[in-house]
Number of protein chains: 2
Amino acid sequence: MAAAATSPRARYREQTRTQIKETALAQLAEGGPSAVALTRIAKEIGLSGPALYRYFANRDDLLHALVRDAYDDIATTIRHTATDLPDSPTAALHRLTDAYLDWATTEPHRYLLIQGNPIPGYAAPPDTIRRARAAMGPFVKIFANGRPTHAVQPVVDEMTTWLHQDETAADWLHEYTGLTPDDPNAGCALAGPVLAWSHLHGTAHLEVSGQYTGMGHHARTLLRAQMAMLATAFHLS
Amino acid sequence: MAAAATSPRARYREQTRTQIKETALAQLAEGGPSAVALTRIAKEIGLSGPALYRYFANRDDLLHALVRDAYDDIATTIRHTATDLPDSPTAALHRLTDAYLDWATTEPHRYLLIQGNPIPGYAAPPDTIRRARAAMGPFVKIFANGRPTHAVQPVVDEMTTWLHQDETAADWLHEYTGLTPDDPNAGCALAGPVLAWSHLHGTAHLEVSGQYTGMGHHARTLLRAQMAMLATAFHLS
DNA sequence: CCGAGAGAGTTATAGTGTCTAACAGAGGTG
DNA sequence: CACCTCTGTTAGACACTATAACTCTCTCGG
């Protein structure tokens, strides 16, 4: 992305940055974030340690870049899936959540990087929230026509209140549904995705961090059941 | 625990170990597992670095001990809550999940330690599984009388199959319900807890890792809604 | 009551990693 | 073609894990 027709030097720079990130991803996959070591990366691509500081300000900056890439990647995946959804809201929901779980299981280390434990001392940049909401955008659309049962009504109420307090939330809602905070379905449109995210994350994270190992079920089966319950709770057809 | 009437030396040793673990917990709370540094712990309690190796074989061994303690702690909390549950299964479920979420939010770093990202290179000891199942035991009891709807039936089926393949699972079921794998409700008794765990973990982990920050809802509200859906899906009264 | 030995602590040292400083060469740009 | 920025180097400060070798002290058995 953004390869652009820049100077040959800038082109080479971008290439080296990519190579560094690729090596970092390999180390991430092997031993988690703490295994990403600048000196080892440098050795692997034939550079001296301090040379990497020409490309990334420090170790955190490199991890930061990996986080950005991962968010872009999952958001792209979801949005791509969202371009061709079945008409049935329930089926569409299953399609989206399957895509999410698939991404998490094929890229476990990257999922843990962005949705796992907070990286100590690392404050997510403001645009991370934007990226995260972009990934959840298609879910908002699905629940915009839901009719919540009493089981989920309290969540709907809290979302409605939030929409009247936080402008960015209102913008988010508007972007994907055209609804305003005063619309009777506004809270519902956000309550569904938040619940879906919570379900999704629980299953994906337990699966990816290996805590289901030795138990006789598939994460997919669990997720399907959770989404079926959620669809029922919002009277999705 | 296990203070015992041992020799004064052993008593002093145990005291020092505890002091080390307490300091480690403080560092864990400040900067996550990677901030737990033996040298800094030593300095803080007035020892020289290598002295700590008299008490813990290495850094992993210390983290290991923290994990054990945390599992014991949450299992004790759950079991204590389970000693005085309301008769209604739904109410009992809410009581248990509230206790779980409370523990997680009051001890966020410890929750992340045991239920967060896997610690690279750290293989959970076999008894960890036993401890984890002990914590979920009371949930098994609650779902033993459930009647699953079609939404969760696939999970029930997978659990039933598992129970016939894995003896430890059958033992676990038997310990808390007296049921055998052939009992028609056996799969249901395990499907409920696994789903509940997945729900619980999603909400607790997102809350504890700060990903709900800036969103206008309480984790508790979300959890209540999820458990209400789950109770409905199993026809709990 | 005392002496051997286990246990608890020390310093010294090797190894790995982050990151800064100071310097050298190579490429692009006026 | 001269300048200067960009890219790379080595040297070194600092933090942390871990081992080795050594000293001191307390406990316990005879």
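Computation of the quantities below employed the complete heavy-atom set of this structure, encompassing side-chain atoms and omitting hydrogens, waters and symmetry-equivalent molecules. Here is the naming used below: chain letters follow the sequence lines, and residue numbers restart at 1 for every chain.
Side-chain N or O atoms of A:Arg59 include none that pairs as donor or acceptor with a backbone N or O of A:Leu38 at under 3.5 Å. Side-chain N or O atoms of A:Trp172 include none that pairs as donor or acceptor with a backbone N or O of A:Leu190 at under 3.5 Å. For B:Gln19 (side chain) and B:Ile45 (main-chain N/O), no donor-acceptor pair under 3.5 Å exists by modelled atom type. At least one donor-acceptor pair under 3.5 Å links the side chain of A:Arg13 to the backbone N or O of A:Arg54.
First and last contacts of DNA chain D with chain B, using any nucleotide atom under 4.0 Å from a protein heavy atom and ordered 5' to 3', fall at D:dC16 to D:dC28.
To the nearest angstrom, P of C:dA8 lies 11 Å from CD1 of B:Ile20. The nearest whole Å value for the distance from the NZ atom in B:Lys43 to the C1' atom in C:dT10 is 16 Å. Taking atom CZ on B:Arg17 and atom P on C:dG9, their separation rounds to 13 Å, with Å as the unit. Note: CG (B:Leu47) to P (C:dT11) measures 11 Å, nearest angstrom. The distance between atom CG of A:Leu62 and atom P of C:dG17, rounded to the nearest whole Å, is 15 Å.
Each of B:Arg110, B:Arg130, B:Arg131, B:Arg79 was scored for a salt bridge (Lys or Arg N to Asp or Glu O under 4.0 Å) with B:Asp72, with one residue passing: B:Arg131.
Counting heavy atoms of neighbouring residues, nucleotides and ligands inside a 6.0 Å radius, atom NE2 of A:His218 does not exceed 12 of them. The local environment of NE2 in A:His94 is crowded, with over 12 non-hydrogen atoms from other residues, nucleotides or ligands closer than 6.0 Å.
Taken to the nearest 0.5 Å, the CZ atom of A:Arg224 stands 9.0 Å off from the OG1 atom of A:Thr221. Interatomic distance, OH of A:Tyr53 versus CG of A:Asp61, reported as 11.0 Å (0.5 Å rounding).
Shown here are the ring pair (Phe, Tyr, Trp, His ring centres under 6.0 Å) partners of B:Phe143, two or more places apart in sequence or in another chain: B:Phe234.
Pairs passing the side-chain hydrogen bond (donor to acceptor under 3.5 Å, both in side chains) check and including a residue from residues 31-45 of chain A, sequence neighbours excluded, do not occur.
Ring geometry for A:Tyr100 versus A:Tyr111: interplanar angle over 60°, hence perpendicular rather than tilted (30 to 60°).
With respect to A:Asp102 and A:Arg220, a salt bridge is recorded, a charged nitrogen being found less than 4.0 Å from a carboxylate O.
The stretch residues 23-40 of chain A comes close to DNA chain C through A:Val36, A:Ala37, A:Leu38, A:Thr39, A:Arg40, each having a heavy atom under 4.0 Å from the strand. If you check residues 51-60 of chain B against DNA chain D, the residues with a heavy atom closer than 4.0 Å are B:Tyr53, B:Asn58, B:Arg59, listed by number.
Relative to the axis of its first five pairs, the axis of the last five pairs of the helix from C:dC1-D:dG30 to C:dG30-D:dC1 sits at 10°, rounded to 10 degrees.
Residues B:Arg9 and B:Gly46 each lie close to DNA chain C; by heavy-atom proximity, the contact nearer the 5' end of the strand is made by B:Arg9.
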